[in-house]
*Asks:* 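Encoded as structure tokens, here's the structure I'll be asking about.
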Amino acid sequence: MRLRTALAQLVLAACAIAQAQDASSGLVSQSAGTGVTFDATEVRRILQHSPLPPPPADSTNRFADDPAAARLGQFLFFETRLSANGELSCASCHVPSKHFTDGKQLSHGLRTGNRHTPALWNVAYNRWYFLDGRADTLWSQALQPMESDDELGGNRMRIARLIAGDAELRSAYERIFGPLPDMSDAHRFPPDARPLPKDVHHSHHLAWLNMAEADRDAVTRVFVNVAKAIAAYERKLVSRHSAFDEFAEGLRTGDQRKQQAISESAKRGLKLFVGDANCRLCHSGPNFSDGEFHNIGVPTLDGGPPRDPGRLEGLSMLLSSPFRATEAYSDDRTGPIAERLSFMRSDPEFWGQFKTPSLRNVAVTPPYMHQGQFATLHDVLMYYATLEGSTALHHQEPFLAALELHQIDDVMAFLETLTDTSLDPALLVKPKTPTFSDR
Amino acid sequence: MNRRNQLIVIVGSAACALLSACASSPTSQTSPHPAANEAAPPSAEISATISNAGNYKVSYITHPAPIPLNEPFKIEFWIEPAGEREALGEISVDVDARMPQHHHGMYRLPRVQSLGGDHFEAAGLLFHMPGYWEIYFDITSSGVTERAQFAVEIDG
């Protein structure tokens with residue numbers, strides 16, 4: 001009798017394992033709602049897009065997941081004193097109420113830039129930063145806008161002085177990063193200084209050259225720590241609970257109610273997304289991006305030939321950056337991010353390539369493409385379907401299959417299911433202080 | 001080997017031109033002390049083919065297997081003399097991959113190192129897109145390059 005019971009349990013266990021394997025591998029066609037069904041391949045592909053796991057670790061920033069650093073970083077994200085005119089902050093272009101972008105075609109800080117402001121949702125998942133990938137970590141990305149003359153136009157010397165001269169900022173900083181350098185000697189530490197190798201006669205550059213190397217390093221470390229704090233805040237801007245994620249969960253578990261989380265039109269769009277429309281060629285994985293670079297021949301904003309070198313220049317800038325993962329300001333110079341750099345290659349085909357954006361929250365972050373060329377998702381999909389106006393030069397990628405108008409509507413309906421802008425409201429505003437002391 | 005996501009197609013004796021550019025690539029790895037079959041490849045989970053001019057047999061396995069979409073992987077491989085070639089001799093090896101239908105390759109340059117004799121490893125590969133990829137093993141000896149080529153379908 002015991003043997004029979006044991007055998008029965010064994011059979012039941014085997015069946016359970018087999019069912020689980022079927023569910024996980026999508027070997028069985030599954031119905032999803034009333035009209036649209038997905039075959040095993042489609043189910044498997046759909047489940048590759050959800051759930052989005054927690055953000056990957058960033059060992060180059062040992063403060064990446066430090067709550068106190070994130071709090072300071074959030075304060076600094078909204079801090080207009082970082083800018084040359086005292087009026088701009090990171091949040092001026094990455095506007096929280098506009099899903100951390102600005103709704104404009106081209107970014108507009110102190111001057112109008114030549115590229116669109118990307119949204120910051122799920123920025124912690126990126127492999128490369130900026131549209132051309134000229135930074136390999138989130139913190140090294142955050143450095144550049146602070147000193148860019150198109151953006152905040154600040155300089156590291158003044159930023160270090162700001163931190164040292166503001167009692168609250170100084171206290172918050174030193175609790176996390178340790179003592180600030182003594183910058184009281186105005187001869188050693190001028191009001192404004194930064195390296196400007198492309199403008200060697202600039203007063204900031206000359207002041208920078210006049211500083212002792214050790215002093216320059218001390219100031220740069222403060223600058224880097226400011227960026228590491230901002231990165232710690234930005235890592236919290238995660239979106240992974242969309243209607244699509246609920247649907248995928250339903251598909252994974254067989255929960256019919258959850259499978260109703262998206263419309264029939266969206267399911268048809270999803271079927272195209274993972275199938276004939278080829279969207280997943282680039283928008284792969286749970287963050288709907290391969291994290292790499294492509295040239296899809298989008299017409300330029302001014303109608304002229306494409307002049308932006310994109311990834312070709314971005315990689316060159318990255319490999320000469322003193323802030324890349326292999327260099328002195330990284331907290332892990334031999335880890336996986338640093339190792340990745342060792343395999344980089346440059347190639348003429350990188351010309352005009354831009355990073356594949358995540359599609360999470362894509363419906364609420366127009367306009368689209370690297371110059372905001374397309375105002376609506378419909379415009380984007382029409383471009384993919386027709387290639388109207390595409391630049392002949394440097395077009396090296398095959399595109400989506402031609403879609404009928406009703407199919408475009410379905411893909412749009414699916415993309416709208418990727419919206420999840422729920423975030424702790426406290427993360428959307430400048431905190432009263434750079435520490436948790438006001439709580 | 002799990003073939004559900006990865007269809008290995010042995011192209012065998014693919015007609016490939018000699019690639020002098022590849023021969024000078026920094027990925028080249030010379031095998032200074034060649035010896036036949038010092039570390040025999042495992043018979044299972046292996047794909048093998050003969051180079052275009054017939055002088056080398058290349059066998060390989062990936063780590064992990066199957067090749068993951070958009071994640072780094074390594075290739076462990078073996079090169080043996082074939083045809084009328086009796087010994088491996090002094091060779092250098094380049095490994096690369098392309099998506100011919102997309103007119104582009106990997107965004108990374110794999111690094112090849114000798115594991116001793118006929119045994120090698122290529123690190124740093126990453127297939128960032130699903131679809132048809134070709135993996136190239138370019139073997140150069142005395143200025144002459146032969147290619148062993150494999151086709152791989154990455155479904156992700």
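Below, chains carry the letters A, B, ... as their sequence lines are ordered, and counting in each starts from 1.
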*Asks:* For B:Arg108, check salt bridge (Lys or Arg N to Asp or Glu O under 4.0 Å) against everything at least two apart and list the hits.
*Replies:* none

*Asks:* Say you draw a straight line from CZ of A:Phe293 to NE2 of B:His104; how long is it, rounded to the nearest 0.5 Å?
*Replies:* 13.0 Å

*Asks:* Show me the pairs that pass salt bridge (Lys or Arg N to Asp or Glu O under 4.0 Å) and involve residues 289-298 of chain A, at least two apart or across chains.
*Replies:* A:Arg127-A:Glu292

*Asks:* For the residue pair B:His128 and A:His294, is the inter-centroid distance of their aromatic rings smaller than 6.0 Å?
*Replies:*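 Yes - the distance between ring centres of B:His128 and A:His294 falls below the 6.0 Å cut-off.
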
*Asks:* Going by heavy atoms in the side chains, are A:Arg44 and B:Asp155 under 4.5 Å from each other?
*Replies:*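 Answer yes - side chains close enough.
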
*Asks:* Given heavy-atom pairs under 4.5 angstrom as the criterion, report whether the side chain, backbone, both or neither of B:Met106 touches chain A.
*Replies:*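 Answer is both: backbone and side chain atoms of B:Met106 are under 4.5 Å from chain A.
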
*Asks:* Verify whether the ring centers belonging to B:Tyr107 and A:Phe343 lie closer than 6.0 Å.
*Replies:*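 So the answer is no for these two rings.
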
*Asks:* Is it the side chain or the backbone of B:Leu125 that comes within 4.5 Å of chain A heavy atoms, both, or neither?
*Replies:* neither

*Asks:* Please flag which part of A:Ser342 lies under 4.5 Å from any non-hydrogen atom of chain B: side chain, backbone, both or neither.
*Replies:*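 Backbone plus side chain of A:Ser342, per the 4.5 Å heavy-atom cut-off to chain B.
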
*Asks:* Where do A:Ser284 and B:Met129 land on the side chain to side chain contact (heavy atoms under 4.5 Å, CB included) test, with the steps shown first?
*Replies:* CA-CA 8 Å; A:Ser284 57; B:Met129 295 178 75; over 6 Å; no

*Asks:* Tell me, do B:His103 and A:Glu349 make a side-chain contact under 4.5 Å, heavy atoms counted?
*Replies:*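 B:His103 vs A:Glu349: side chains apart.
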
